[in-house]
Structure formats: structure tokens, C-alpha cells
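Here's the structure, in C-alpha cells; my notes come after.
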2 protein chains.
Amino acid sequence: MPKDRRSPGPAPRAVPGTTPGGLDEVDRELVRLLTVDGRMPNNALAEATGIAPSTCLTRVRSLRERGVIRGFHADVDLGALGQPLQALIAIRISTHSRDEIDRFRAKVPALPGVLSLFHVSGANDYLLHVSAASPDALREFVLDHLTADPAVAHAETSLIFEHVRATPAAPV
Amino acid sequence: MPKDRRSPGPAPRAVPGTTPGGLDEVDRELVRLLTVDGRMPNNALAEATGIAPSTCLTRVRSLRERGVIRGFHADVDLGALGQPLQALIAIRISTHSRDEIDRFRAKVPALPGVLSLFHVSGANDYLLHVSAASPDALREFVLDHLTADPAVAHAETSLIFEHVRATPAAPV
DNA sequence: AATGAAATTATTGCGGT
DNA sequence: ACCGCAATAATTTCATT
């Protein structure tokens with residue numbers, strides 16, 4: 001995001017080397033490097049950031065403990081796993097009761113093929129990112145798990161032609 | 001996705017232990033384990049899958065070389081990095097010339113705060129997942145990089161209230 | 001392809017600064 | 001907080017099956 005000198009909000013940090021969330025420049029560089037390559041060895045991280053390996057270990061451990069780094073995941077080609085199709089499904093919930101929404105939210109992430117679930121503002125309530133083995137399998141998924149759910153008022157499926165992840169990569 | 005014995009498409013594989021894409025059960029388990037924990041040590045992977053560490057190393061290396069595993073990435077809390085807001089922006093391209101689409105597609109992933117870009121079927125052409133430091137920064141992003149682009153006919157922003165990643169992200 | 005053993009390299013705890 | 005060092009552990013190569 002571009003800098004914005006006139007916007008309201010938190011005052012700019014005056015302490016040199018300290019950036020949002022109490023992370024200094026080395027922390028931020030470690031996070032960036034591990035976002036690009038999550039398996040980068042501690043030695044290499046240390047050298048790249050100009051600190052000792054033992055210090056680097058402490059830093060990275062601290063980042064994990066503080067929840068800045070939530071975990072590490074392999075980025076997999078789903079096509080190679082027999083799921084060559086991906087879709088985004090915009091969902092409107094019929095009853096906007098808190099219970100229905102909570103139930104839906106709890107159920108969906110465990111459904112087969114689900115990659116992620118966005119709860120969004122606007123005309124739709126959820127946007128669901130799924131993979132599927134075939135158009136038929138996708139159709140079945142929508143019919144069995146979404147259309148059939150009484151909480152779902154409407155589900156509109158868009159096929160994903162291409163999905164480009166930004167670099168450095170972030171949440172899918 | 002549920003099994004579907006009546007759908008057309010590739011015939012089911014008859015070779016035991018061989019599943020789509022020429023991956024056997026060990027390969028698939030390695031992929032699954034690395035999807036859950038991308039930093040799981042080779043030793044531990046080997047033990048979990050019942051193969052020798054040296055064999056495991058060869059397997060994982062092969063999975064990477066074949067592109068089944070594209071890479072490893074840290075999963076970062078963007079809020080801790082000063083980007084507490086996320087949004088999905090549905091975009092319609094004005095001219096559907098191939099050149100405009102290609103230019104847009106090439107430009108967007110490098111914009112600041114962009115997490116990923118989906119090229120989709122349906123009424124919208126793209127869905128853009130972004131993070132931002134503040135509502136103001138988000139507004140600026142949309143105005144500067146989307147609305148101002150002559151290729152963009154319409155951009156509709158939805159705030160993300162919650163984003164749940166399925167575990168594991170890859171279907172088992 | 002898979003393995004065990006050996007060599008190399010990385011991780012990790014700790015005491016000192 | 002950071003670092004260097006020493007001990008432990010993991011990775012990687014390679015000869016063999």
C-alpha cells in the first residue's frame with residue numbers, strides 16, 4: 001500500500017528500525033525471506049540478515065511464538081494430485097441468524113476439496129475457494145453441500161482460469 | 001470431492017498404490033505432511049512414511065523437480081506486519097482485447113499489498129485479494145491502481161471479515 | 001528405486017560479553 | 001540481546017542390493 005501522509009490513524013513510528021507490531025528491520029527481513037522460501041536454513045537466514053545463527057534461531061522462534069509466523073506449508077500443484085479444477089463460489093445465506101451463520105462457517109472448511117472460506121461484506125456472505133477432480137465432481141459438491149444446505153440461499157460458481165500468487169507469497 | 005462412478009473422463013487407475021499423476025501412496029502422504037508442516041524434518045518425514053531418510057530425500061526432491069510441490073512458504077499474520085485489513089475486489093475489464101487483459105494480468109501481482117489474483121469465469125473477469133494498512137490505504141489502492149486503469153471498467157470491493165484456511169489446504 | 005553408513009552441514013543450548 | 005563455541009542432530013552423497 002502506498003504511504004499516506006495525510007490519512008488519520010496511528011502516528012508514524014519515530015523509533016528507527018522499529019516498524020509495526022514491534023518488529024524491527026531484521027525481523028521483517030526474516031519474515032520476508034521465510035515467506036519466499038519457508039525451508040531456507042537457519043544458517044542462510046542468519047547470513048542473509050547479518051546476524052549470528054544462534055541469534056537468528058532465537059529471532060525466528062520468537063516470531064513463531066508471537067504468532068507473527070503462523071506456520072509453514074508446502075505449496076502444492078493440485079492438478080498433480082488429481083484436482084485440476086478450481087472454483088470460487090459466492091454464497092448468500094438465507095436466514096441471517098447468528099446460529100445459521102456459525103453453523104455454516106463451522107461446517108464448510110472440513111468439506112472435501114475446500115481450500116479456503118472468506119466471510120465477506122457486501123451482497124454475498126461467503127466466498128468459497130474449492131478444488132475439484134472434474135466438472136461433475138464440482139457440480140456434485142455444490143449440490144450436495146451448498147444447495148442442499150437450508151442455510152444457503154444462493155450459490156454462484158465461477159471457474160478459476162488462472163490463479164496468480166503474488167511474490168512474496170501470502171495467504172492463498 | 002465425492003467419488004463418482006458414472007461420470008465420464010479418465011478411467012480409474014487399476015494399478016494398486018498408484019494414484020493420479022503417477023504419485024504412489026508414499027508420495028501422497030509426503031505431500032500431505034508437508035502441506036500441514038512445511039518444515040517437518042526429512043528424518044521425521046521418513047519415519048512417518050516408513051521409508052529410509054535417504055529415500056525420503058530422493059522422493060521429496062523428485063516431487064519438487066516434477067512440480068508437484070512448487071515451494072514452501074511461511075504463513076504470516078499480516079496484521080502483525082501492519083496490514084490488518086484484507087479485501088476481495090471483483091474487477092470487470094472494459095475492453096476485452098487480449099492485450100488489455102494480458103497487460104492487466106502482468107501488472108497487478110506486483111502492486112503493493114496484492115496477495116493473489118484470480119482470473120475467473122462469469123460476470124467479473126478478475127478477483128483480487130489484497131491486504132491494506134487502513135481503510136484509507138485500501139481506498140487509495142483502488143483509486144490509484146484499479147479505477148485509474150483504463151482497462152478496468154468496474155471494481156467492487158468487499159472487506160474480508162474472516163479468512164479460514166482449510167487444513168490441509170490440499171485435498172487428501 | 002531403496003538402503004545403510006559415512007561425510008558434510010545445520011541446529012541448538014549455554015556461558016560470556 | 002547478541003554472539004562464539006561445542007555438542008547434538010539432520011542432510012546429503014554414495015557404494016551396494
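Every value quoted in this text rests on a predicted model; they were computed, and no experiment measured them. Each chain gets a letter, A, B and so on, in the order the sequences are listed, and its residues count up from 1.
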With Glu162(B) via side chain to side chain donor-acceptor pair (under 3.5 Å) - residues at least two apart: Arg105(A)
Contacting residues from residues 47-55 of chain B, given that a heavy atom lies under 4.0 angstrom of DNA chain C: Ile51(B), Ala52(B), Ser54(B), Thr55(B)
Under-4.0 Å salt bridge between Arg28(B) and Glu25(B): no
Phe118(A) and His129(B) aromatic ring geometry - parallel, tilted or perpendicular at 30°/60° bounds: perpendicular
Pairing residues for Arg64(A) by the salt bridge (Lys or Arg N to Asp or Glu O under 4.0 Å) criterion, not counting sequence neighbours: none
Pairs meeting criterion side-chain hydrogen bond (donor to acceptor under 3.5 Å, both in side chains) with involvement of residues 44-59 of chain B, two or more places apart: Asp24(B)-Arg59(B), Asp27(B)-Arg59(B)
Start and end of chain B contact along DNA chain C [non-hydrogen atoms, under 4.0 Å]: dA2(C) to dG4(C)
Terminal axis angle for the helix from dA1(C)-dT17(D) to dT17(C)-dA1(D), five pairs an end, nearest 10 degrees: 30°
Residues which pass side-chain contact (heavy atoms from CB on, under 4.5 Å) with Ser97(A), listed by chain and number, not counting sequence neighbours: Thr95(A), Asp99(A), Glu100(A)
Those residues that, when tested against Asp149(B), pass side-chain contact (heavy atoms from CB on, under 4.5 Å) (two or more places apart): Arg103(B), Phe104(B), Lys107(B), Ala151(B), Val152(B)
Listed partners of Asp102(B) passing side-chain contact (heavy atoms from CB on, under 4.5 Å), at least two apart: Arg98(B)
Nucleotides bounding contact with chain A, strand DNA chain D, heavy-atom threshold 4.0 Å: dC2(D) to dG4(D)
Pair Leu128(A)-Phe141(A), side chain to side chain contact (heavy atoms under 4.5 Å, CB included): steps then yes or no: CA-CA 12 Å; Leu128(A) 184 55; Phe141(A) 174 86; 4.0 Å; yes
side-chain contact (heavy atoms from CB on, under 4.5 Å) partners of Pro109(B), counting only residues at least two apart: Val164(A), Leu117(B)
Set of residues satisfying side chain to side chain donor-acceptor pair (under 3.5 Å) with respect to Ser62(A), sequence neighbours excluded: Arg66(A)
Minimum heavy-atom distance between Gln83(B) and Ser131(B), given as atom pair plus value: NE2-OG, 3.1 Å
